[in-house]
Structure formats: C-alpha cells, structure tokens
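I'd like to ask some things about the structure below.
All values reported here derive from a predicted model rather than from experimental measurement. Because only heavy atoms are used, hydrogens play no part in the values below, and waters and symmetry mates are left out as well, while side chains stay in.
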Amino acid sequence: MSDRLPLLRPADLSDDQRELYDEIAGGPRAAGPQLFALTAPDGGLNGPFNAMLFAPRLGRALQGLGSAVRYQTGLTARVREIAILVVATRWDSAFERYAHEAVGRAAGLTEAEIIALREDADLQLADPTERAALSAVRALVRRSDLDDGEFESAQAVLGHAALVELSTLVGYYATLALQLRLFRVPAPE
C-alpha cells in the first residue's frame with residue numbers, strides 16, 4: 001500500500017471496520033464488471049477505500065456519498081467519468097487516473113479523449129452537455145468557482161440539478177485525491 005498508511009487485511013478488522021469493508025466490497029462497485037482492482041491479492045481494499053476503514057463512521061458516510069455520486073445522479077456515465085478524470089489530472093492522482101480511465105473506456109471515452117483529459121489538453125466534444133460539464137469542471141478545479149458568464153452557460157445547458165451533482169462530484173473526488181496524496185497511495189501495478 002504505502003509507508004504512510006498500512007493496508008488493513010480483512011482478518012485484522014474491528015467489527016465496525018468489517019461492516020464497512022463488507023459494504024464496500026459487496027456494494028455496487030463490486031457488483032458490476034471489475035474494471036479495476038477494488039481489492040489487493042490479500043483481500044485488503046485498494047485506493048481510497050483502505051483509508052476509509054481507519055475511520056469507519058466517517059468512511060461509511062464518505063463511501064455512501066461516493067456511491068450516490070457514481071450510481072444515483074442524472075449525469076451520464078461519460079459526463080461523470082470526464083469530470084472525475086479532470087479532478088484526477090488536477091490533483092495528479094495516480095489511483096483515480098488508473099481506476100477511472102478504465103471506467104471511462106467502458107463508458108465510451110476514446111483513447112484520444114482520455115489522453116486529452118490526462119494532459120489537460122484541448123478536447124473537442126460533440127455533445128453539448130459533455131462540453132458544458134467539461135468547461136464547468138475545469139473552471140471548478142482551477143479556480144474553485146464559476147464566474148457569472150461560466151455559470152450562466154453551464155446552467156443553460158446542464159440545469160441546476162446537474163450543477164449540484166457536478167460540484168458534489170468534484171468535491172468528493174478532490175477529497176479522495178487529497179487522502180491518496182497525503183498517504184502516498186499508488187495505483188496498483
């Protein structure tokens with residue numbers, strides 16, 4: 001895992017940790033196609049999920065928010081993955097990039113789109129919703145705000161609900177990226 005945060009193994013978990021572990025390992029992230037390694041070979045949780053086990057009450061709330069962001073919004077899979085990859089690039093988060101480039105490919109992102117997102121390069125998207133989301137998320141990660149013109153443009157295409165969902169997604173994945181950086185959590189090899 002890392003020198004700063006040991007990988008918790010299932011056999012070593014407290015009851016609260018084990019309950020959260022089971023929610024994560026048995027929840028929607030694990031139920032779908034395995035596009036990235038949720039667990040290590042010894043059964044420990046990879047990425048931000050291991051950190052959640054160290055503070056299980058907070059971890060439960062955080063993983064619940066993450067599950068809602070991933071599975072209970074009106075955002076399309078492509079919009080969601082574009083936004084997550086923008087955050088991963090801004091925070092230089094190797095684990096988020098590793099996990100969500102795979103999920104993004106499954107959502108229909110092309111290699112050229114993934115590379116442009118990874119390099120924070122110009123990206124011409126045909127879909128107006130995707131363009132508006134990309135523009136809004138890039139502004140949010142660069143300046144933590146949208147100016148009045150950016151807000152009006154985003155709101156006109158996306159609407160208020162999607163802007164709430166996008167800003168929540170940015171905050172959630174920025175939180176994970178911060179923890180991944182603090183604890184020096186690498187992407188699995």
Taking the six-membered ring for Trp, are Y173 and H100 parallel (under 30°), tilted (30 to 60°) or perpendicular (over 60°)?
perpendicular
Is there side-chain contact between L166 and L158, with heavy atoms separated by less than 4.5 Å?
yes
Could you check if a side-chain atom of R78 sits within less than 4.5 angstrom of a side-chain atom of T129, using non-hydrogen atoms only?
no
Below 4.0 angstrom, N of the basic side chain to O of the carboxylate: do E165 and R80 qualify?
no
Quick one: does R184's side chain have a donor or acceptor within less than 3.5 Å of a partner on D3's backbone?
no
With a 3.5 Å distance limit and no angle check, can you tell me whether Q179 reaches the backbone of P48 through a side-chain donor-acceptor pair?
no
Could you walk me through whether R90 and R142 pass the side chain to side chain contact (heavy atoms under 4.5 Å, CB included) check?
CA-CA 8 Å; R90 164 61 180 87; R142 289 175 182 155; 5.7 Å; no
Just by modelled atom types, is the G171 backbone N or O under 3.5 Å from a matching donor or acceptor in the T175 side chain?
yes
L85 backbone acceptor or donor facing R97 side chain under 3.5 Å:
no
Could you walk me through whether R143 and E150 pass the side chain to side chain contact (heavy atoms under 4.5 Å, CB included) check?
CA-CA 12 Å; R143 296 189 327 276; E150 291 166 330; 2.3 Å; yes
Any ion pair linking D120 and R138 (charged N to carboxylate O, less than 4.0 Å)?
yes
Report the C-alpha separation of L65 and T168 in whole Å, then their side-chain angles, then the decisive distance to 0.1 Å, and conclude whether the side chain to side chain contact (heavy atoms under 4.5 Å, CB included) test is met.
CA-CA 9 Å; L65 175 60; T168 302; 3.8 Å; yes
So I114 and E81, do their side chains get closer than 4.5 Å, heavy atoms only?
no
Expected output: side-chain N50 to main-chain P6 donor-acceptor under 3.5 Å
yes
Non-hydrogen side-chain atoms of E113 and I82 separated by less than 4.5 Å:
no
Using atom types as modelled and distance alone, determine if a side-chain donor or acceptor of R18 lies under 3.5 Å from a backbone N or O of L13.
no
